[in-house]
Amino acid sequence: MANKNVPPRAAIVYIVDDDDAVRSGLSKLLQSAGLQPRPYGCTVDFLADVANLPGACILLDITMPRMTGLQVQAELRRRCISLPVITVSARDDEDTRRWARSLGARMFLRKPVDDQALLDAISWVTSPPAPE
């Protein structure tokens, strides 16, 4: 029986977070849900590897050293990388949410992220649009 919260294909989820424990935990969760995590602790490495892959999405921490998640979103936009972005942050204020959305984030989740909410968000952003 297929999990209703996972798209029919194994979506690639780029995880960009400077916290090793968070990246590891999220990777395990996504693997257990049949997804393909691609974890990155460094924004430079992520930006060197990211590609517009069908059905992929980005799980992006907002607060990171050297280059914030918001700066990463701006760089993705500059490079015409149009993957859906789910931003996560321990900092949850209206300015951060508004800025993330203005740069194209589809969802904003507060850390610690609820497992089911995250899987639902990934399913939502990676699902093909409904036929009209």
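Predicted, not measured: the structure shown is a model, and the values here were computed from it.
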side-chain contact (heavy atoms from CB on, under 4.5 Å) with Gln116: of Val113, Leu118, Asp114, only one passes, and it is Asp114
In short, Ile62 meets Ala100 closest at the heavy-atom pair CD1-CB, 4.2 Å
Value for CD1 (Ile58) from CD1 (Ile86), rounded to nearest 0.5 Å, stands at 10.0 Å
Heavy atoms of Ala56 and Pro84 approach each other most closely as O-CD, 3.3 Å
Close side-chain approach of Leu119 to Leu29, heavy-atom, < 4.5 Å
yes
Could you please spell out the steps behind the salt bridge (charged side-chain N to carboxylate O under 4.0 Å, His left out) verdict for Asp95 and Arg97?
CA-CA 6 Å; Asp95 287 339; Arg97 285 175 176 258; over 6 Å; no
Quick one: pull up CG in Asp61 and CG in Leu26 and give me the separation to the nearest 0.5 Å.
10.0 Å
Are the side chain of Thr87 and the backbone of Leu109 linked by a donor-acceptor contact shorter than 3.5 Å?
no
Any non-hydrogen side-chain atom of Met64 less than 4.5 Å from a side-chain atom of Val16?
yes
Leu35 reachable from Leu83 in the ILVMFWY side-chain graph, under 4.5 Å edges:
no
Ile122 and Cys57, any side-chain heavy atoms less than 4.5 Å apart
yes
Is the shortest distance from a Lys or Arg side-chain nitrogen in Glu75 or Arg78 to a carboxylate oxygen in the other one below 4.0 Å?
yes
Val125 reachable from Leu30 in the ILVMFWY side-chain graph, under 4.5 Å edges:
yes
Expected output: side-chain Ser102 to main-chain Trp99 donor-acceptor under 3.5 Å
yes
Shortest non-hydrogen contact from Gly55 to Ala11?
O-CB, 3.3 Å
Exercise: identify the closest heavy-atom pair between Tyr14 and Ala51
OH-N, 3.3 Å
Distance-only side-chain donor-acceptor flag, Arg91 / Thr63, under 3.5 Å:
no
With side chains defined as the heavy atoms from C-beta onward, is the minimum distance between Val72 and Leu60 less than 4.5 Å?
yes
In terms of hydrophobic clustering (I, L, V, M, F, W, Y; side-chain heavy atoms under 4.5 Å; direct or indirect links), are Val44 and Leu76 co-clustered?
no
Donor-acceptor pair, Gln71 side chain versus Thr68 backbone, under 3.5 Å?
yes
Does the Arg38 side chain pair with the main chain of Val50, one donor and one acceptor, at a distance under 3.5 Å?
no
Start with the C-alpha gap between Val13 and Gln36, add the side-chain angles, then the distance that decides, and say whether side chain to side chain contact (heavy atoms under 4.5 Å, CB included) holds.
CA-CA 6 Å; Val13 181; Gln36 297 180 42; over 6 Å; no
Shortest non-hydrogen pair, Cys80 vs Asn52, comes out as O-ND2, 3.1 Å
Heavy-atom side-chain proximity of Ile15 to Phe46 below 4.5 angstrom:
no
Of the non-hydrogen atoms in Phe108 and Thr96, which two are nearest, and what is the gap between them?
CE1-CG2, 3.9 Å
Any salt bridge (Lys or Arg N to Asp or Glu O under 4.0 Å) pairs touching residues 15-27, not counting sequence neighbours?
Asp17-Lys111, Asp20-Arg23
Drop me the distance from Ile81's CD1 to Leu47's CG, to the nearest 0.5 angstrom.
8.5 Å
